[in-house]
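Notes to accompany the following structure.
Note: hydrogens, waters and symmetry copies are ignored here, and every other heavy atom, side chains too, is used. When a ligand or atom number is given, it counts from 1 through the structure's own listing order.
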Amino acid sequence: MQKKLVAGNWKMYKDKSETFELISQLKEKLNSFFPDVDVAICPPFTSIELAGELLKNSKIQLGAQNMHSEVEGAFTGEVSAKMLKSFGVKFVILGHSERRTYFKETDEFINQKIKRAIEFDIKPIFCLGETLEERESGKTFQVVENQLTKGLSGISRIDLEKIVIAYEPVWAIGTGKTATPEQAQEVHSFLRKKISELYDSEIAMRVRILYGGSVKPENARDLFKQPDIDGGLIGGACLKADSFYQIILAAQD
Ligand code: 13P
């Protein structure tokens, strides 16, 4: 079992001064006690440089929320892996359901982005998960298997080591409706089994699979206790230093 990872997805929150405030508060808390947990924050692009400066000499790692699959080119409004790398970015969230839904990102595009991130030594946090309709019609496993297989298409065993998977049921994101620990565990163990079929059981045991969707200090401990849950991708609750810190602490137990 891997060391747990707790990553905060800030989404489209926090301007420059709010970024300064949140990171300063978080550093202060983690300075007094930093548990044996990997911690990353993924602020918006506009805060990446400031976050990178504030996180120098800190164990908190820097992530981004998206990137384009091309290295450079005429893609107005986009940001590349090469650019993120130059600011010290270590993780990038790819395939988030909000990108899939609002920006029509396909599995194929996400797969290209994953490959590009790895090429630039940035660890993808590859998100997948079913909608409420898909769950209610009994399609959860079929949907996540399809997303997993297409997202990992053409990725070698060695490169898989650099990928973190995040199971985020769409119906649990921002809704306050968390998957129960049993519901999450069921999908995580299914994903691990599929990874072991696609690669082998040794690597499947080592790939970190995070859970995301309304993780809060109150439910984090029970989720993180599940055998196949290796940490969390946190939305709303990472926007306040106190609740994010409580979740980080819960990952240590
Ligand atoms: P919430 O924690 O706000 O439900 O968001 C989860 C998420 O989408 C993290 O990527």
Side-chain angles (χ1 to χ4, degrees), residues 4-14 18 22 26 37-45 47-48 51 60-67 84 89-105 110 113-114 117 122-132 134-135 140 143-144 147-148 151 163-181 183-184 187-188 191 208-224 226 229-251:
K4 287 204 169 42
L5 168 64
V6 176
N9 175 5
W10 291 16
K11 306 195 179 182
M12 199 171 73
Y13 291 97
K14 307 293 177 189
E18 292 162 340
L22 177 55
L26 195 59
V37 171
D38 285 330
V39 177
I41 55 166
C42 307
F45 292 138
S47 290
I48 290 278
I60 306 169
Q61 301 183 73
L62 182 60
Q65 298 172 23
N66 183 35
M67 50 165 253
L84 295 178
V89 166
K90 300 279 187 294
F91 290 96
V92 62
I93 298 171
L94 297 175
H96 193 281
S97 68
E98 287 149 18
R99 303 284 329 163
R100 293 179 188 260
T101 308
Y102 305 133
F103 303 96
K104 308 284 176 272
E105 291 197 7
I110 294 161
K113 293 183 185 205
I114 292 175
I122 299 173
K123 294 188 175 80
I125 301 179
F126 165 35
C127 303
L128 43 80
E130 82 288 1
T131 62
L132 184 59
E134 287 160 347
R135 174 161 282 263
T140 298
V143 168
V144 296
Q147 290 172 331
L148 181 80
I163 299 178
V164 176
I165 290 168
Y167 169 57
E168 298 208 312
V170 179
W171 49 271
I173 297 176
T175 58
K177 214 173 148 188
T178 325
T180 63
Q183 279 174 323
V187 178
H188 281 234
L191 290 170
R208 285 198 283 205
I209 310 179
L210 312 183
Y211 169 79
S214 298
V215 178
K216 305 272 176 277
E218 303 78 53
N219 58 27
R221 197 161 268 105
D222 285 342
L223 286 160
F224 296 160
Q226 299 300 312
I229 299 186
D230 306 309
L233 184 54
I234 320 302
C238 81
L239 298 174
K240 291 212 160 65
D242 195 42
S243 49
F244 192 49
Y245 184 60
Q246 293 304 322
I247 294 170
I248 295 166
L249 291 180

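Protein heavy atom closest to atom 2 (O) of ligand 1, with residue, atom name and distance, is G235 N, 2.9 Å. The shortest contact between atom 3 (O) of ligand 1 and any protein heavy atom is with G236 N, 2.8 Å.
Here the side chains of Q61 and D38 are in contact, with some heavy-atom distance below 4.5 Å. Annotation: side chain of I173 is in contact with side chain of E98 (closest heavy-atom distance under 4.5 Å).
At distances below 3.5 Å, not a single donor-acceptor pair connects side-chain atoms of R99 with backbone N or O atoms of Q65. Although no hydrogens or angles enter the test, the distance criterion places no donor-acceptor pair under 3.5 Å between the side chain of N9 and the main chain of G235. Here the side chain of R135 pairs no donor or acceptor atom with the backbone of T140 at under 3.5 angstrom.
Dense packing is recorded around NZ of K216, with more than 12 heavy atoms of other residues, nucleotides or ligands lying under 6.0 Å away.
For H96, a nitrogen or oxygen atom sits less than 3.5 Å from a nitrogen or oxygen atom of ligand 1, counting backbone and side chain alike.
Against a heavy-atom cut-off of under 4.0 Å, E168 is close to the following atoms of ligand 1: 6 (C), 7 (C), 8 (O), 9 (C), 10 (O). Applying the 4.0 Å criterion to heavy atoms of G174 picks out, from ligand 1, the atoms 1 (P), 3 (O), 4 (O). Those atoms of ligand 1 with a heavy atom of A172 less than 4.0 angstrom away are 4 (O). Close approach of ligand 1 to G213 is summarised as follows: ligand atoms under 4.0 Å from at least one heavy atom of the residue are 4 (O), 6 (C).
Relative orientation of the H188 and Y211 rings is tilted, given thresholds of 30° and 60° on the angle between their planes.
At least one heavy atom of K11 sits under 4.0 Å from some atom of ligand 1. Proximity of S214 to ligand 1 is established by a heavy-atom distance of less than 4.0 Å.
Contact annotation: for L233 versus ligand 1, heavy atoms closer than 4.0 Å belong to both the backbone and the side chain. Counting heavy atoms closer than 4.0 Å to ligand 1, residue C127 contributes nothing at all.
With rounding to the nearest 0.5 Å, the separation of CD1 in I48 from SG in C42 is 7.5 Å.
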